[in-house]
Amino acid sequence: MATRPMTEAAFFVLTALAGGPCHGYGVVNEVKELSRGRVHLRVGTLYGVLDRLVTDGLVELDREEVQQGRLRRYYRLTSSGGRALAEEADRQAANARAAAERLGVWRPAAGGAA
Amino acid sequence: MTSSLEQRYRRLLTLLPASYRRRWEDDMVRTFLECVGAEEDTEDAAYLRDHGRPDRGEVLSVLALATRLRLGGVGAEPRSRLRGDAIRAVALLGLLFHAVTAAVEIGVMPWLAGDFLPLPTPPTEPVFDLPGAPWRLAFNPLGLFAIAAFVALAVNQPRPARWLAAVPLVADWVARTYEAMFLPGGTPPTTWLIVLVNTGLVLALVAFHREAPPVRTRTWIRAFVAGVLLSPLYVIGMWTLPVEQELRFAALDWPGLCALSVSAAGIAYLVLRASAVARAAHWPLTLLFLGLAALALRGVSVADYVLRDGASAAVTAVCAAEAAILLVVCAPLAILAQRATRELSVDPADVPG
């Protein structure tokens with residue numbers, strides 16, 4: 001199977017689950033908070049990402065509870081999911097470092113276009 | 001008791017495949033109701049439960065998920081991948097066909113205008129079906145959009161390809177609606193069917209989602225070049241075959257060209273299917289989709305020729321022969337497509353496109 005690049009939504013879902021097992025609604029709220037309100041996961045998007053992550057073995061079912069007569073599922077990160085998240089975080093951190101280093105020595109051209 | 005909002009959301013979820021719904025539906029419903037605040041014990045929540053609907057963003061997210069699941073890409077279930085590959089190939093072949101015919105139309109313009117002296121004077125130019133210079137002026141450059149849409153798709157830029165392909169389609173809808181409303185005789189059923197088939201083609205571009213496998217750029221650009229190089233055969237056939245003009249134009253009109261192209265492709269596949277070139281599992285389904293569309297076009301156009309134009313027996317016979325050849329080619333393709341689908345449900349091996 002070809003390796004796909006990790007999407008921003010998948011990155012935030014894994015990050016949310018790195019904090020501990022969580023249900024769907026909890027993941028939506030966590031992602032909103034982690035992204036400082038920038039990423040608002042729709043339910044269709046969230047379950048598309050969760051389905052893919054479960055299929056790829058990065059996330060698994062933690063437990064099921066019945067609350068107010070409805071089933072609630074909690075999901076957790078697997079060890080592969082933890083590794084994948086760590087690799088992606090390293091990659092993004094390296095990108096950010098490279099940009100920060102360049103910006104440290106960059107000076108806007110004097111008399112450049114306004 | 002389930003609320004109206006929940007019922008509406010569950011109705012929306014029926015867009016998703018049944019196997020997916022068995023795994024995720026109840027969890028999705030609960031998360032959705034919590035996200036919109038319908039699970040709270042307040043008057044607003046009660047009102048929402050009775051009168052609320054999933055908003056546009058939610059509907060779009062489910063639509064996008066349904067598209068990805070039903071027209072699968074890399075890593076999808078084999079059946080969904082087969083369907084996705086077939087629809088993507090239909091879209092590519094359809095845009096290729098439009099791009100080649102657009103290139104031909106642009107290429108023959110100087111000849112039809114009498115500006116290309118090395119060639120003999122062209123015969124009577126076919127009548128443009130919409131009157132007036134503004135329509136002609138507006139329609140002449142549309143072929144460039146068809147070529148640009150195909151090239152964009154071939155170089156893996158599906159988003160611009162969708163917009164570029166939509167431009168001639170919208171123009172076609174406007175022109176045909178004008179024709180139907182204001183011109184004597186209205187729009188012939190064949191023309192409407194062509195517009196509908198083209199609409200289906202543009203809609204098929206949604207199959208090029210994020211998980212779709214990349215298009216093999218070199219292969220498809222070569223196919224375009226080959227199509228353009230072979231196009232003089234069509235132009236020569238259209239204008240110089242030693243049969244009556246009425247017969248030539250009917251046999252090689254748009255539905256005729258579609259029928260002959262798909263028949264030729266189908267026969268080539270049936271001959272070459274054991275070879276490496278045709279090993280991808282989606283080809284019978286792809287060619288079957290195209291064959292059925294071409295068959296419908298040819299069938300309706302024959303009826304149009306007979307009922308609207310009082311066509312001669314020879315015209316009817318030639319068009320019927322094209323339809324019959326197509327039908328003969330489609331029959332084994334249907335069997336092979338069914339077999340490929342059945343084999344995938346037994347053997348989950350994923351065959352790349």
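It should be emphasised that the depicted structure is a prediction, and the values quoted were computed from it without experimental measurement. Below, chain A is the first sequence line, B the second, and so on; all start at residue 1.
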Inset, instruction - Under 4.5 Å heavy-atom distance to chain A, tell me which part of B:Arg23 shows up: side chain, backbone, both or neither. - result: both
Inset, instruction - With side chain to side chain donor-acceptor pair (under 3.5 Å) as the test, would you mind laying out the steps for A:Tyr75 and B:Asp27 before giving the verdict? - result: CA-CA 11 Å; A:Tyr75 303 93; B:Asp27 208 24; 2.3 Å; yes
Legend entry - chain B contact via A:Leu50 - which portion, at a heavy-atom distance below 4.5 Å: both
Inset, instruction - Mark yes or no for whether B:Ser80, through its side chain, and B:Leu69, through its backbone, hold a donor-acceptor pair below 3.5 Å. - result: yes
Inset, instruction - Pick one of side chain, backbone, both or neither for A:Asp51, based on which atoms fall under 4.5 Å of a heavy atom in chain B. - result: both
Inset, instruction - Please flag which part of A:Thr55 lies under 4.5 Å from any non-hydrogen atom of chain B: side chain, backbone, both or neither. - result: neither
Inset, instruction - Could you grab the distance from atom CG of B:Asp26 to atom CZ of B:Arg21, nearest 0.5 Å is fine? - result: 11.5 Å
Inset, instruction - Under 4.5 Å heavy-atom distance to chain A, tell me which part of B:Val59 shows up: side chain, backbone, both or neither. - result: neither
Legend entry - Aromatic ring proximity, centroids under 6.0 angstrom, B:Tyr269 and B:Trp283: no
Legend entry - Side-chain donor or acceptor of B:Asn156 paired with backbone N/O of B:Pro214 under 3.5 Å: no
Inset, instruction - Please state whether the side chain, the backbone, both or neither of A:Val27 comes within less than 4.5 Å of a heavy atom of chain B. - result: neither
